[in-house]
Each structure stands twice: as C-alpha cells, then as structure tokens.
Amino acid sequence: MTLPHNPGNVGETRPPQAVQVHRLERRQEEEQQEQRQHSLHMGSSVQRRTFRSSEEEYQFSAADYALAAALVLTASSETSWEAQLRRRSSAVELEERGQKRVGFGNDLERTEIAFLRTQWLLRQSRDRKALRRRTEEKVREAKELRELCSSRGPWFWIPLRSHAVWEHTTVLLTCTVQASPPPQVTWYKNDMRLDPRLFPAGKYRITNNYGLLTLEIRRCTVEDAATYTVIVKNAYGQASSFAKVLVRTYLGKDAGFDSEIFKRLMFGPSVEFTSVLTPVFAREKEPFSLTCYFSEDVLDAEQNIQWSRDGRLLRSSRRRQILYADRQASLKVSCAYKEDEGFYTVQVTSPFGPREQSTYVFVKDATAEKLGAPGSPLNVRCLDVNRDCLILTWTPPSDTRGSPIFGYSIEWCPIQGLVEGQSYRFRVRAINKAGSSLPSKASEPVVMGDHDEARRKIEIPFDLGNKISVSTDDFEDFVTIPSTPTNVHASEIRETYVVLGWEEPRPRGKAPLTYTLEKSVIGSGTWEAISTETPVKSPRFALLDLEKGKSYVFRVRAINKYGMSDPSESSEPITLKGKPATLPPPAQVQAFRDTQTSVSLTWDPVKESPELLGYYIYSREAGSSEWQTVNNKPIQGNTFTVPGLRTGKEYEFCVRSVSEAGVGESSAATEPIRVKQALATPSAPYDFILLNCGKNDMVIGWKPPKRRGGGKILGYFLDQHDSEELDWHPVNQQPVPTQVCKVSNLREGHFYEFRARAANWAGVGELSAPSSLFECKEWTMPQPGPPYDVRAFEVRATSLMLKWDPPLYTGAGPVTGYRISFQEEGSEQWKPVTPDPISGTHLRISDLQPGKSYVFRVQALNSAGPGQPSMPTDPILLEDKPDAPEIKVGVDEEGFIYLAFEAPEAPDSSEFQWSKDYKGPLDPQRVKIEEEVNKSKVILKEPGLEDLGTYSVVVTDADEDISASHTLTEEVIKLISGWNVDILEQGEVRLWLEVEKLSPAAELHLIFNEKEIFSSPNRKINFDREKGLVEVIIQNLSEDDKGSYTAQLQDGKAKNQITLALVDDDFDKLLRKADAKRRDWKRKQGLDAIFTELGRIGALSATPLKIQGTEEGIRIFSKVKYYNAEYMKTTWFHKEKRLDSSDRVRAGTTLNEIWLHILDPKDSDKGKYILEIAAGKEMRQLSADLSGQAFDDAMAEHQRLKALAIIEKNRAKVVRGLPDVATIMEDKTLCLTCVISGDPAPEIFWLKNDQPVTFLDRYHMEVRGSEVTITIEKVNSEDSGRYGVFVKNKYGSETGQVTISVFKHGEEPKELKEM
C-alpha cells in the first residue's frame, strides 16, 4: 500500500540527486529514533531486528507501537520551511518504499505508512491547538492591560529600601508607584508628617516624577536616623511603604553597622526568652503542654517560631496544637503517648541570630488495668506491605512491673489473612504473669496492595504537564503459562517462623498471578505442598508450622488462568533459629553532676549491634532496692541528662540495651552520686555603682553574679576605661575578695566606665557589660553616699528580711538613719516602707501581697538630709516555697537545747552563717556549732535569759536564697494542743495535752490546787515523752476532783507550763455527763453477757475451711450459726503472716459465713491459710492448705467461671423494652423499640410467627446504638401475631417476644373485653 499522491504532482519526475538526499535524511531520522528507543530501557525479553533500509524486511511488536505513540506525543512541533521540506521528502521516500514492498505483500509496511500519516495529522492538530492557546493568551493579556490602565487604587511597583549612611552625607529614598488617577503623596518621619517648610532651607527635598517618588535628606545627622514612610492614596484606595535610615557616626561605641542600634533599626527589636522551659513529666492518655514567654511581640509567629522534637519539625495536628498570643508561645498535646516523649526545642528568629530553648518531656506508663501488668509497647510500624501480608514491628516497654514479658497479644509478626485494597491500623499489648498491658498507640494506616506494580510503570511527560503512563507489562510478548519464579530465599528467620521471599517470573504476562509453595526436609527426597487458607498473591509468605531442629528447602510455582509454571530452583537449606538473645548492657556507665535537680550520664555504646533500638535508663535512691524507669522511649545516643531528682539525695543509675529481642540485662550500677550543682564558671557581675569619689580615685561597687557556678566566689577582676581613650586597662592583678574596689591614679574631670569578671575554682567567668560613665570629681556634698550590698533573705509569701551595708561616704555628719522605699511590679512610683527612718542596717518587712514582685532601695540620712539611693534590688517574688527549709528547735538526749538547719541544695563550698538578732556571728563562749554535709546545728551550752532572741542562718554561695530564722523565747517547749477533756465509754474522764517530741530526760510535774499529785487508783497519770503526750484519767469524777490542773514540763533548760481550770459550771456539766455515761454503760453490761455467749456459740459452730473457685478468684470460707462483728473478731493468716485487706485479698463476714477472697490468684498465693476466731475468752483456729491438687482444682474452676462470666457479659441479650402484649387500631403506625446488648455487636433478626420478617414497603427497622426499632405503617388484621426480636453473636443468642393484636375501627380490643 502506498500513500496517496498529490494530484498536482502526478507524472512529475524527480532528479536522482534529490531522491538520494531524501533517503540519507530518512536514514538519519531512523537512527535517531532507534537511539531513543534503546534509551527507554523497557526491558523486553524478545530480541528485535532494527530497520536499516527500505528493502530489508521489518517486524513490529506491541512495544514498538507503544513507543511510537509516546514519541509522537513527545516530539516537538516543527513549523520551519526546512521541516516541511523534510516531511515531504519523507513522504516521497515512503511512497517509493511502499511501491517496492507491494510486490512482497508486506502488510507491516502498510501499517507503518498509516501510522506515520496519523502521526502527521496529530502534529497538525497539536499545532492548531497551540496557536489557539497563544491567541487566547494574547487576548487575555491585552484585556488585563486595559484593566490595569483603567481606574484603580495605588500600589508600589518598587518599594522604599533602608539605607545606612555616614554623618554629613546625603541619602536619597526612592520608590515607584502606579495608580489611576495619580495619587496624593505624603511623607512621614517616625509617624510625624514631614513638611520641608518647617526645616532649614535645603534640608529635605521631595519630588514626584510620573510615579517616581523621591525624598532627599542632605547633610545627615544622628537626629535624621528614623523610620520614613510614604503614603499614597486616591479615590480607589491607598498604599504605604517605609524604610529605615541609620546614620553611622565616626566615633563612639554606637558607631558602625555592627552596633546594636543598627541591628535594631534595620531588623526590629531583639526577641529574647523571659522564661525557661522545664522538664515535663506527663502520663499516657493525659494532656501536657509546653509554654514559653518572649520579651517582644514576634512578627509572623507561624513562620518565626518553630517547635521540634528530637530534631524533627512539629506541625499542628488533631492531637497537637501550636499556639501564639500575647508574647506567649505554647505547644499543647491533648492525649499523650510514649511516642511523644523526647527532646523538645522551641526556636524564635531574632536580629542577633535565632534564640532557642530545649527541655525533655517524659511520658510515663498509664495505670494498668491489672495490678502488675507491664507498660504498653510503642513505635508500632508496618513494614514490607504486600497484597495479603505485612510485617509488624514494635519496641518493647521499659517497665515490666517486676514480671518479665513472655509474649504479646499479636503473637506472630507477619499478619496474614488481610484483604487487598483495605486500610488497616494495628495496636499491640504486652503480656506478663499479671496480665495484659494497655494497648499501644495505633500504627499509621496502611493499604494492602501490590507495591511492585508502581515500579513496573514509567511516566513519560509531554505537552506542558501532561503524562503518558506506560507499563512494562505492555511490552512483553503474549504469555500464557508463566515462567518460573526465581531467587527463592528466606528474608527473615525467627524462633517460630520463616518469611520466604522470591522474585516474580520474567516475563510475567498480563494475567494476575498466584503462587503455590512446596517444602522438603533435607534428606527425605520428597516434596510436600504447603496448604494455605487463601491464595498467595504476593512474593512473600510466612511459614508458621516448621519443626525446630529440621532443615528445609523450598520451591515456588506461579499460576495464572492459563496454567501453572514449572517449580523454581530450590532455596538454600533453612533452619529455624533459636530464641533471639538480647543485647549486652553498655559498659562504663558514669554519672556526673549537672544541676541542683539533674545528673548527666554517659556510657560506651554497644558495638556491632544493627538491631539496637536504643537504651532504657533506670534510677534509684542509694540504699533502695527498687529501680524506677527514667525514660519510656529508647534513647538513641550514649549521653543523657536525668532531671527531676531531689537535691542533696544520693542516686544510683543503670542502663539496659533495647532490641527486637527485648530489653537486655542491666549494666553495673554507677557509684552513688549526690545531686548538686556541677562546678562551672560564674556568670557576669552587674549593676555597678559609684560609692565614693576623690580627686584621683573612685570606690566602685557591684552585685555578685546571679549564677555562681556551684562554688565559692574567690574574687573579682576589674577593668577601667577612660572615655577619651580607646583601650581598656586592668585595675587589679590579684582578685578582689569583696564586691567593692578602690580604683586609684585616675584623672580628675575624666569620665570612666568599668567592667568585671568573677572567678571561682572552675576559672574566670563571663565579662560583664560596661557600667555607666562615672565622672572623677571629688564628692563634697553634705548628704551621705549610697548604701550598698542591699540584699533580701528569708523571703516568704508576705514578708522578707532586708539587710544592707552603710555608705562609705557619710557627708557632713554621721548617718542618723535610713529610709527604705519599695516599688511594685509594673509601677514607677517609689513608696516608703516605714513612715519614719530606722536606725539599724536591717529591717523585717511584713504585710506584703503574696504572688507579687517588689523592688527595694535604701537611702541614708544625716543632718543635711537624705543622700543618694542605693542600687535597687532585683525584683523579688513573694511566695512560700513548698520545700523551703526551716530551723528546727529541740532538746537532745543530754538535755541541751539546739537549733538545727538542713539545706540539701547547698553547694559543697557553702558555709552556714549563723547570727543572733542579725548582729554578727554567735558567741563561741555560749554556743557550740556542729556541721555535717548540708547540715548545721547550734547547741546552747548554758541556756539563760541572755540566749533569748532571734537566731538566723544564711547559706553562702547559693544561687537562690537559702535562709531562715527562729525566735527563741523562754517557753521553748512547743505546745501542739492545750488541755482537752474527753469522757470515755465507762464514764471515765480523760484530761490530756500534747507538746512536741521530748527527750528521755524530760520531766513532768502535775500540780492540782497548788499541790503536786501522782498516779493513784482513781487518778492515773501517763507521760509519753516520745509522743509529747500528758494524760490524766479519772475513774470516778467527784467533787474532790474540782479545781485547777497545771502541767509543768522541763526538758533540759527548756520549760513550759499549761493550766486547766475545772470549776463552777464547767465542772458541774462534766460531772453530769460522766455519771450519765457510767449508768448507760452499766445498763448495757447485761446485754453484753448475752451477746458474748452468742459469739462463743458462733465460734464453736464454725465448720472446717472450704476452698471454692469463683469468677474473681479463689474463696476460702467457713459456715457459722451466728456471727456478730462487735463480739466476734476474726483474723486470717497466710504462711503464719497476718493478712490485711488489699487490692488482691479481701476478707469479710456475713450473718452465717466468714470468708477470704483471693483475686487473680498466683503461685505466690499457695500455702497454708489459718482463720482465727475470738469470742470473749473463747479462741478457735481453722486451717486449709491451698496447694497441690486443691490449688489446681480451684484455679480450674476459677478459669471456667471466669470464661462463663465473660460469655454471659458479652452474650447477645434483649435487655428491656418489649411488652408482653400490644394492641393497635387499623391504619395506625406501630413502633416497637427494645434495647439490646452484646460484644461484639449482635446480629438482629425480627420474626413473625417464627418466620423472618421481610423489611419491604410498610416494614422498616432502625438501629441506633443499642436501641432497635421496628416500624409497621398502616397496620391491618394480617399484621396480628406473635413477633420476636432474635439477637446473636459468637457468645450466644436470645429472643424477646411480643404479641400484637390489631382491631378494627369501632371495635373494642379483645383484651378490654376480657377485662
């Protein structure tokens, strides 16, 4: 077949040179097409011949046509004259080739020619569409241009940009604006309108050249540094643009582009954190949140504030919210899982670089449903997902609750029996002897499918975003029976199963494939088919029934609708592995001090362990035997900081490796480490103040560092800087031990600034910021200088103690007093603390508002008036710290009064500085001071009146205030409860009081009516020194007992005296009540004898103990004729140890039975049980041996009843709702509703006269939760009958019945007639 000729060219001959050129071009195109075909790599297994000339026979395949179609659509269009010439030449050549092939009857040639013509038509169609699109695009652009040139509001084509210039230079601000009609232009400087007429001539110049707006500022000064804004507006709207101008000076610390002023002006305010993230201890299934505060508003908070966990960026989700408002950023998790545990970081963008804070969030296991059950697994993931199987992995929990995990609720890792195309999620429970854990967090959803199918497809892009999808299956020859699978191997071998894998046959054909598997035991010589419940569709299969100790080989066959392939080659011999071993523990676990509440751990990582999932850390207090879990999500590194520890306590730590095999053995425990601040260099001093000034010297003071580095400050190094010089110079070569330093050899009239560093045993700390400039000019004013070292201690919710040092410069006369003033948080007003000046250098300030922050300062006064104020204190927050230490006062065993103070958070180098009445150290002649680790005790040697007063203690070198005080008065023995009066059951009168714990040497003198009394038959006196209890019991109260009772207590030198007056009406009322109580008791004695005898009879009637299995556990009981709890007492013993009621063991009685119930029995509950019954003087013991066969029988009965209870609980039931009989008139609508229950949800069937009801037309059924409703519309007589609802599930079934009677209009129901 030939292509049709153009009629205009019929009969024309072509020169042989042209024909030769056309043939050469055609061959070049064919070679290029061949190269493109080979580059696609379709992987066809059939070798094809390439087309070399028109005379050579050519065979086309399905792959050739697919590739040709792709090349047609992806080829670029050719519209040039040369391309048209080549197309015509190709047509001529094809014509000649077609004529030559006609003689041979080559049908493929005709197909090729038709295909090429179709290609030519497709290209022409595509060119026409492209031309149409370009035309439409030009029309649209023209339309937009017309709209753009029409009336519209202003907008900035080029906005203003910021500039930084030197002083005395000119800056030009320019921008371009577009608007129609032309807008009105207004310039502003720092939000103030800029009018050039109000400034010197030529200072500002403003122009507007057809939308090009300029503002010229000439000879810039520092005052010209500002934000400049231009606002343009017309009738259709307004727009604005702004820029910042920084004027750089040639001298001074604020000069240059690196200055803080430049950065703030160009990039906005610096954002800093004003709070610190602290560790969070959350619990599973409960919410938690992290919150931080900023010093400035954060612009575009969603982009500039980022939260991450373990380095992975976090976004808001269904469980997680990321919020920002009012300088507060927070991350809230509504329901925590152990997967949420980790290292959280919040980062905020700032002109001086990003700022960030981090903390660790711990998620503890939720309370288990059963006591002793393990924690839940975590990190449940689905791997190797195929059409009908997948592999499920998870991480074992850290807390096994004392019992090892022996399994999981998903027993086998490969999950089979899944449906292709369905989406699944999975949860896992851990199981130990106590029971099952709570479920883990559900895995991410996975869809079962052939994931290799996507890899067999190739997408070829064409025509601006369109794609053609080509499958390698389309390139393969027609396949009937598939080839054999290859590479049969074991992809995973475990203790109880093997996962077999193989590769699909090549070629596989287009028909769907399934597989059959065969196995053979090594040495048997026979093959056995492996039976499967469903066809195997994926090249993966889990073998679960292999025998341990045997070696197997496997082979696979492929099956499609045409038949079965030959068997594959045998796999390598495969044998089940033994139980996987856990990884060894890490070595060299070491603990180091970190902060007051944390410890840093390091260890050597476990080497050559590809299955390592991480590490679990455990801690315990020194001396304890029980380990506590630290983390519930494995740690990946080999370092970790354990927070939340108690300051001053000693802890031990160990680490365990985690792998797929479970949690390994514990490492060796670390040496006990005391939780204290690690030694570090101190932070910088701050708040410098000039305390005195001479002609050539100054005295400078400052505040100590806020962070002292956990050690004693050894001294300070001070630097000075003359404002007229460039360099700083050191003041001292040796550290200054105090916070005051005299600087000499200064030049009078010059200004100086200072900076300092603090030093401790760790080294020299941070350099402080420079102080303000101080002028070296001799002080001659008559008023005193500023007091210094103003510090607050003993800070409580409503009070604090303020102390300071007097000024170094006293002025014209001595200091006569001090004026203290305060400033509340958020206020700028200073208020006096006391109306009059005080004379001392300390003051207790009370009646403050709790929860508020205050700042204090002190001024010294002399005859000339008040002097300079001191440097204000830092803001002081008034609150009661829950664990703030206090001074304890007592009497030791030798009778000496002592004051003891313990501060666990004190650094190792701290000293306990005691003082009396805040006037300096204690007198060593009168006191003895004993000190231990973090403890200090003051013992009064010979207590006297001169020892009374306020004793205070301050712990040095601590970052936070650790101080307390106690006022010692003459009545040292603390009274807990004064005299109390009680009337006992038999009418006795009890007088008692309680004081603090006393020493064994304490003495009591009881005075009655000015005469000391002692114990007697009618008046018994008890004195319990350990409990501090004084007790007087009067058997028969009479008039002789009227008067005053005084208890005189003395413990060493400590004394106290408490008096009780029993006189007048108080005594008469007490006497009447005691007599009435005594008479009532005697009346009851007759009944008591009867009940006591009944109790004795009941005890003797007790039957031998019996053992019974119950639904909840095992019950041991004895029958009695009568039981009275008031007159009969029972006690249970197990292995000679008394049993008390607990979560697992409950004891009780009824009127005729005494029982003990053991819930969820375990092997530890085996043994001998004894019941002891006491009734008056009668005592009886009964015993039973719960072990051996007795225990096994009871456990079997318990398991049987428990299973029955589960069945009964979950069985399908009709709970309520259906009546016995229901009557209704014709043409009405009948609705019957009942409530059902069952787990799983039961199937529901309605019956009429024992036949299923068909829900069509008038019959409808609706299920809402547990409510089931049947509706019959327009009832008639045929609807009468016995109806029933039948519900069933796998645990059982039940039927609820109702009789329906339908009566006609005007008739009386049969039920009413019978009545």
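Quantities reported herein were computed from a predicted structural model and do not represent experimental measurements. We're numbering straight along the sequence, starting at 1.
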Taking it one step at a time, do K706 and D959 satisfy salt bridge (Lys or Arg N to Asp or Glu O under 4.0 Å)?
CA-CA 6 Å; K706 293 182 179 180; D959 292 340; over 6 Å; no

I'd like to know whether F640 forms a ring-ring contact (aromatic ring centres under 6.0 Å, His included) with W603, so could you lay out the CA-CA distance, the side-chain angles of the two residues, the decisive distance to 0.1 Å, and finally the verdict.
CA-CA 9 Å; F640 191 74; W603 58 87; 7.8 Å; no

Passes ring-ring contact (aromatic ring centres under 6.0 Å, His included), Y408 versus W394? Steps please.
CA-CA 10 Å; Y408 296 88; W394 58 86; 5.1 Å; yes

Please step through salt bridge (Lys or Arg N to Asp or Glu O under 4.0 Å) for the pair E1112 and R1146, ending with a clear verdict.
CA-CA 11 Å; E1112 294 85 5; R1146 298 175 185 173; over 6 Å; no

Give the intermediate values and the outcome of salt bridge (Lys or Arg N to Asp or Glu O under 4.0 Å) for residues R674 and E650.
CA-CA 4 Å; R674 190 178 300 277; E650 289 189 341; 3.2 Å; yes

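A distance of 11.5 Å separates CH2 in W307 from OG in S316, rounded to the nearest 0.5 Å. For the atom pair D1163 CG and K433 NZ, the distance stands at 6.0 Å (nearest 0.5 Å). Here the straight-line distance linking atom CG of L313 with atom CD of Q306 works out to 5.0 Å at 0.5 Å rounding. A distance of 6.5 Å separates CG of D365 from OG1 of T629, quoted to the nearest 0.5 Å.
Ring geometry for F273 against F294 counts as tilted: the plane angle lies between 30° and 60°, on a 0 to 90° scale. The aromatic rings of F281 and F362 lie parallel to each other, with less than 30° between the two planes, well short of the 60° mark.
Salt-bridge formation is not detected for the pair E665/R656: no Lys NZ or Arg NE/NH1/NH2 atom is positioned less than 4.0 Å from an Asp or Glu carboxylate oxygen. By the 4.0 Å N-to-carboxylate-O rule, K441 lies too far from E339 to be salt-bridged with it. A salt bridge is absent between K633 and D340: the closest approach of a Lys/Arg side-chain nitrogen to an acidic carboxylate oxygen does not fall below 4.0 angstrom. A salt bridge links E492 with R494: the distance from a Lys NZ or Arg NE/NH1/NH2 to an Asp or Glu carboxylate oxygen falls below 4.0 Å. The existence of a salt bridge linking E825 and K852 is excluded, since no basic side-chain nitrogen approaches an acidic carboxylate oxygen closer than 4.0 Å. The residues R620 and E652 are annotated as salt-bridged, a charged nitrogen and a carboxylate oxygen being separated by less than 4.0 angstrom. In this structure, K1209 does not pair ionically with E1111, as no charged nitrogen and carboxylate oxygen lie closer than 4.0 Å. Residues D908 and R593 are paired through a salt bridge, judged by an N-O separation under 4.0 Å between the basic side chain and the carboxylate. Between D1160 and K1162 there is no salt bridge, since no side-chain nitrogen of the basic residue lies less than 4.0 Å from a carboxylate oxygen of the acidic one. Salt-bridge annotation for E960 and K881: present, with a side-chain N of the basic residue lying under 4.0 Å from a carboxylate O of the acidic one. Salt bridge annotation for R796-E886: present, with a cationic side-chain nitrogen under 4.0 angstrom from a carboxylate oxygen.
For the pair N432 and A373, the tightest heavy-atom approach, listed with the atom from each and the gap, is OD1-CA, 3.8 Å. Taking each heavy atom of V675 and Y651 in turn, the nearest pair found is CG2-CD1, 3.4 Å. Closest non-hydrogen pair, I431 versus P374, comes out as N-CG, 4.2 Å. The minimum heavy-atom distance linking P279 with T359 is given by the pair N-OG1, 3.0 Å. Shortest non-hydrogen contact noted between L613 and P396 is CD1-CD, 4.4 Å.
Each of V361, V280, N631, L378 was checked for a side-chain contact (heavy atoms from CB on, under 4.5 Å) with E341, and the lone residue meeting it is N631.
Shown here is K285, whose NZ atom has more than 12 heavy atoms of other residues, nucleotides or ligands within 6.0 Å.
Contact of the V346 side chain with the I305 side chain is registered, since non-hydrogen atoms from C-beta on lie closer than 4.5 Å. Side-chain contact between S409 and R427 is absent, with no heavy-atom pair separated by less than 4.5 Å. At a threshold of 4.5 Å between non-hydrogen side-chain atoms, the residues L878 and Y854 count as touching. The shortest distance between side-chain heavy atoms of I617 and L601 falls below 4.5 Å.
No hydrogens or angles considered: a donor-acceptor pair under 3.5 Å links the side chains of D874 and Y686. In this structure, a donor-acceptor pair under 3.5 Å is absent between the side chains of T291 and S330. For the residue pair N934 / K676, a side-chain donor-acceptor distance below 3.5 Å is found, with atom types taken as modelled. Remark: the S403 side chain and the T400 side chain contain no N/O donor-acceptor pair separated by less than 3.5 Å. The closest side-chain donor-acceptor pair between S376 and E284 falls under 3.5 angstrom. Under the 3.5 Å distance criterion, with hydrogens and angles disregarded, no donor-acceptor pair is assigned to the side chains of Y324 and E302. D957 and S910 are not linked by any side-chain donor-acceptor pair at a separation below 3.5 angstrom, with hydrogens and angles left out of the test.
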